2 protein chains.
Amino acid sequence: MLAGVLPFPAEVARAVDEYCCSHSTALPPHLAEHKAWTAENYESPDRMSSSLQAQLFIFLASDRRAKRILDIGAFSGYSALAWKEGMKALGGEVWTLENDPVMVDACAKALSKYDAEGKIHLVSGPAIDTLRTFKGVVFDIIYFDAWKGEYIDYLNIVLELGLLSATGIILADDTICRGLVADDSDRNPNAIDSWKRPNLRRAVRAHVHAWNEYIIKDERVDVFLLPAFNGMSMIKLKTAA
Amino acid sequence: MLAGVLPFPAEVARAVDEYCCSHSTALPPHLAEHKAWTAENYESPDRMSSSLQAQLFIFLASDRRAKRILDIGAFSGYSALAWKEGMKALGGEVWTLENDPVMVDACAKALSKYDAEGKIHLVSGPAIDTLRTFKGVVFDIIYFDAWKGEYIDYLNIVLELGLLSATGIILADDTICRGLVADDSDRNPNAIDSWKRPNLRRAVRAHVHAWNEYIIKDERVDVFLLPAFNGMSMIKLKTAA
């Protein structure tokens, strides 16, 4: 069909989300348990990925036969647990990075409960510093889900140090910024509803737009901006003949 | 973020679509030319994939290093041209199936113009019959975009004849049916606006829902129902350890 993005009011969007969740391969129960625990005990649980997005992560990790995944922005460990689940058949490992001490502690608690095998490695500290320590390591999937003002730095470090495998993919999350990068007017219901702090909203939108403008001009890579969830950029190295 | 699908009114949805198009690796000019020609000369041009979806096809074919793609439902050849473009570096080939003689003719015209190298093979006739002739051939991507009442048959033939490579993917298009499978009430603007023929709408919605109910119970495969475009199911064989 000709339209790339369908219009939905809020309650239809919710119904479509639920329909997609219930018609995609189900999440293992511990992910729902972990999400509920995070929502109960920590602020801003909407910073976790959605259930549907976790279903995609499991699908992608499995589909791509990933063995090593780098997850930038652990929060409470939800996406790391999803990546691990998607690599279960092949026994792959996840490195997950977090700078906020409260969330480092939350993630560590989750891993002690759900990762007895030690397949997930939590690294605390600023992501940019941690990334530089991975020189010589290659990942099949690299997921950006941290401070939007640093995405360009993450990309440049990843490409300069060769951290992405030749057949690997970078997934950068939240890259339509609730549609605000395309329409920040009151027509966009997410402009009114979503954020309590307008200065933060403006800063995030500016960072996300700067990222999108940067990546589309970067001749090292191909990019596809997927209009699902809060927008997810898929980035690969250009394929040589 | 917690929501899997963002709500947008029609004009914001269009702005987001355009933003994603302009911030994804650009289509080659002949695809836009071909789309305009189809819209000018044939009925129901909204049966073509969107520009953004064509950008995804090129990205995916290249990302997956596909060598053979099976495209069920050629229409005027737009998706086949996108698949070919995505395989350009590796020189892969597309088999595209069409039953409507008017569209077989349209597609043949497009291929004579845009596929001098003969990388796209147009096969006319009912898809179910054509599929059976591929026994012994294996595809990296199989795209369903024909009559929704036949998707279950396509799946069963593909799996029974082993037409999908062990690392391959099936993409089944239009599987949220404008959100109608989740909410068919007047709350859904696509219920009111989209189709002139309510009987056809009901039939398509019923077929799509039956497909979604079937695939989620099929133990041979994993499925992810992507809430982008008009819904696109991604299907892979379950991964063995």
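Scope of the values below: all heavy atoms of this structure, side chains included, with no hydrogens, waters or symmetry mates. Because the structure is predicted, anything quoted here is derived from the model rather than measured. Quick note on labels: first sequence line is chain A, next is B, and so on, each numbered from 1.
- Exactly one of C21(B), S24(B), P227(B), C20(B) qualifies for a side-chain contact (heavy atoms from CB on, under 4.5 Å) with P227(A). That residue is C20(B).
- In this structure a side-chain-to-backbone donor-acceptor pair under 3.5 Å is missing from N188(B) to F8(A).
- Distance check, rounded to the nearest 0.5 Å: CG of D63(A) to NZ of K236(B) gives 6.5 Å.
- A 4.5 Å side-chain heavy-atom check between I176(B) and L6(A) finds at least one atom pair inside the cut-off.
- Counting heavy atoms of neighbouring residues, nucleotides and ligands inside a 6.0 Å radius, atom CD of E117(A) exceeds 12 of them.
- Expressed to the nearest 0.5 Å, how far CG of L60(A) lies from CE of M234(B) amounts to 5.5 Å.
- The minimum heavy-atom distance linking P9(B) with P189(A) is given by the pair CD-CD, 3.4 Å.
- Counting heavy-atom pairs closer than 4.5 Å to chain B, the top residue among S22(A), A39(A), G179(A) is G179(A).
- Per-residue heavy-atom pair counts under 4.5 Å with chain B were compared for S233(A), G231(A), A228(A), G91(A), and the maximum is reached by A228(A).
- Within residues 208-219 of chain A, the residues having any heavy atom closer than 4.5 Å to a heavy atom of chain B are H209(A), N212(A), E213(A), I216(A), listed by residue number.
- Per-residue counts of heavy-atom pairs under 4.5 Å with chain B were compared for R65(A), E18(A), Q55(A); the largest is that of R65(A).
- In summary, D183(A) and R14(B) do not engage in a salt bridge, as defined by a charged side-chain N under 4.0 Å from a carboxylate O.
- Using a 4.5 Å cut-off between heavy atoms, S44(B) does not touch chain A at all.
- Contact of the L52(B) side chain with the F224(A) side chain is registered, since non-hydrogen atoms from C-beta on lie closer than 4.5 Å.
- The most heavy-atom pairs under 4.5 Å with chain B, out of V221(A), L226(A), D145(A), V12(A), come from V12(A).
- Looking only at heavy-atom pairs under 4.5 Å with chain B, the residue among S62(A), G168(A), A26(A), A10(A) that has the most is S62(A).
- Neither the backbone nor the side chain of I58(B) comes within contact range of chain A; no heavy atom of the residue lies under 4.5 Å from a heavy atom of that chain.
- Of all non-hydrogen atoms in G4(A) and S50(B), the two that sit nearest each other are CA-OG, 3.8 Å.
- With contacts defined as side-chain heavy-atom distances shorter than 4.5 Å, the pair I169(B)/F59(A) qualifies.
- The candidate with the highest count of non-hydrogen atom pairs below 4.5 Å against chain B, out of V16(A), L237(A), I235(A), T25(A), is T25(A).
- Proximity to chain B (any heavy atom under 4.5 Å) is shown, for L56(A), by both the backbone and the side chain.
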